[in-house]
Amino acid sequence: MDDHGRGRDPRPEGGGDTDGDSRPPDPLPYEGVWRFTAPSVEASVPQARHAVRDLLARQGVPASDDLVQGLLLIVSELVTNVVRHAALLSPMLAVEVAVGAEWVRVAVEDNHPYRPTALEADHAQTGGRGLLLVTEITREAGGACDVEHTATGGKVIWAALPLKPAP
């Protein structure tokens with residue numbers, strides 16, 4: 001991401017301002033992009049969740065408690081999916097947090113080529129609803145989420161939520 005987290009769109013196109021000023025606006029104190037890696041093991045799930053929570057607090061991101069809890073649940077679900085379904089081909093995973101003036105985006109990347117889809121799980125099953133949960137949390141917050149392939153053949157699953165609640 002070239003825009004270092006600035007902008008309204010969760011996937012900035014890098015075009016800059018349209019008002020004729022060629023300088024990018026000064027970032028707000030909490031804006032930026034942070035990325036960390038972790039092994040694709042179960043212990044990484046709470047570690048990723050705590051790292052994201054601590055980052056948001058340390059940067060002073062103006063996010064409601066509900067938004068933070070939604071983001072942490074999204075991170076937990078996405079990292080859990082890597083651990084359960086991609087660890088064999090992806091011994092490491094990456095978590096990225098990008099914060100803009102009006103939104104926050106979390107993304108989890110792995111090296112497994114399979115592109116998952118959110119499916120309704122059988123009610124008798126105890127799992128299998130992670131990506132469905134991610135899409136529902138994102139939708140209810142007025143955000144966006146998607147799965148994209150990486151240049152190395154893996155994938156990134158991301159969710160971007162507005163900092164202000166959806167009307």
Side-chain angles (χ1 to χ4, degrees), residues 1 4-5 10-12 30-100 103-163 165-166:
M1 295 178 102
H4 303 289
R11 294 174 41 190
Y30 58 82
E31 289 184 272
V33 177
W34 298 267
R35 182 179 174 92
F36 62 90
T37 59
S40 298
V41 297
E42 285 187 29
S44 294
V45 176
Q47 290 172 351
R49 187 175 55 246
H50 293 282
V52 170
R53 181 198 63 207
D54 294 347
L55 171 70
L56 296 173
R58 184 175 61 247
Q59 292 305 121
V61 176
S64 69
D65 288 340
D66 286 344
L67 177 68
V68 171
Q69 292 306 314
L71 287 168
L72 298 180
L73 186 52
I74 288 169
V75 168
S76 293
E77 291 296 334
L78 295 180
V79 172
T80 296
N81 284 350
V82 173
V83 170
R84 288 188 180 161
H85 306 292
L88 185 61
L89 294 178
S90 186
M92 296 295 288
L93 61 91
V95 176
E96 182 176 278
V97 179
V99 183
W103 53 268
V104 60
R105 177 185 189 262
V106 293
V108 176
E109 180 179 342
D110 65 61
N111 291 323
H112 197 291
Y114 176 69
R115 183 183 173 114
T117 56
L119 299 174
E120 295 283 343
D122 181 348
H123 293 294
Q125 290 180 330
T126 58
R129 296 179 184 94
L131 200 51
L132 179 63
L133 185 59
V134 168
T135 57
E136 284 300 308
I137 291 168
T138 303
R139 184 190 58 76
E140 286 182 13
C145 62
D146 202 1
V147 180
E148 299 173 353
H149 289 286
T150 64
T152 59
K155 66 184 165 300
V156 174
I157 303 176
W158 59 266
L161 306 180
L163 286 174

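Residues passing the side chain to side chain donor-acceptor pair (under 3.5 Å) test with Gln69, sequence neighbours excluded: none. Residues satisfying the side-chain contact (heavy atoms from CB on, under 4.5 Å) test with Ile137, not counting sequence neighbours, are Leu73, Ile74, Leu133. A search for side chain to side chain donor-acceptor pair (under 3.5 Å) contacts involving Thr150 returns Thr152, not counting sequence neighbours. With sequence neighbours left out, Val41 forms a side-chain contact (heavy atoms from CB on, under 4.5 Å) with Pro39, Ala43, Ser44.
Looking at every heavy atom in both residues, Ser40 comes nearest to Val82 through OG-CG1, 3.6 Å. For the residue pair Ala98 and Trp103, the shortest heavy atom distance occurs at O-CZ3, 3.5 Å. Looking at every heavy atom in both residues, Gly100 comes nearest to Leu163 through O-CD1, 3.7 Å. The shortest non-hydrogen separation linking Val156 to Ala107 is CG1-CB, 3.7 Å.
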Show every donor-acceptor pair shorter than 3.5 Å between a side-chain atom in residues 85-95 and any protein atom, with sequence neighbours excluded, or say none if there are none.
from  : atom 1 : to     : atom 2 : distance (Å)
Ser90 : OG     : Met92  : O      : 2.7
Ser90 : OG     : Asn111 : N      : 2.9

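Between the OG atom of Ser76 and the NE2 atom of His50 there is a distance of 8.0 Å, given to the nearest 0.5 Å. Taken to the nearest 0.5 Å, the CG atom of Leu161 stands 11.0 Å off from the CD atom of Glu140. Thr138 OG1 to Leu71 CG: the interatomic distance, rounded to the nearest 0.5 Å, is 8.5 Å.
Contact annotation: the side chain of Ile157 approaches that of Leu131 to within less than 4.5 Å [non-hydrogen atoms, C-beta and beyond]. Using a 4.5 Å cut-off on side-chain heavy atoms (C-beta onward), Thr80 and Arg84 make contact. By the 4.5 Å heavy-atom criterion applied to side chains, Val108 and Val79 are counted as neighbours.
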Q: Evaluate the side chain to side chain contact (heavy atoms under 4.5 Å, CB included) criterion for residues Leu56 and Tyr30: first the C-alpha distance (whole Å), next the side-chain angles of each, then the deciding distance (0.1 Å), finally the verdict.
A: CA-CA 8 Å; Leu56 296 173; Tyr30 58 82; over 6 Å; no
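For residues 32-53, every residue pair satisfying the salt bridge (charged side-chain N to carboxylate O under 4.0 Å, His left out) rule, not counting sequence neighbours, is listed here: Arg35-Glu96, Arg35-Glu109.
No more than 12 heavy atoms of other residues, nucleotides or ligands shown are found within 6.0 angstrom of CG on Asp65.
Without hydrogens or angle criteria, Lys155 side chain to His112 main chain gives a donor-acceptor distance under 3.5 Å.
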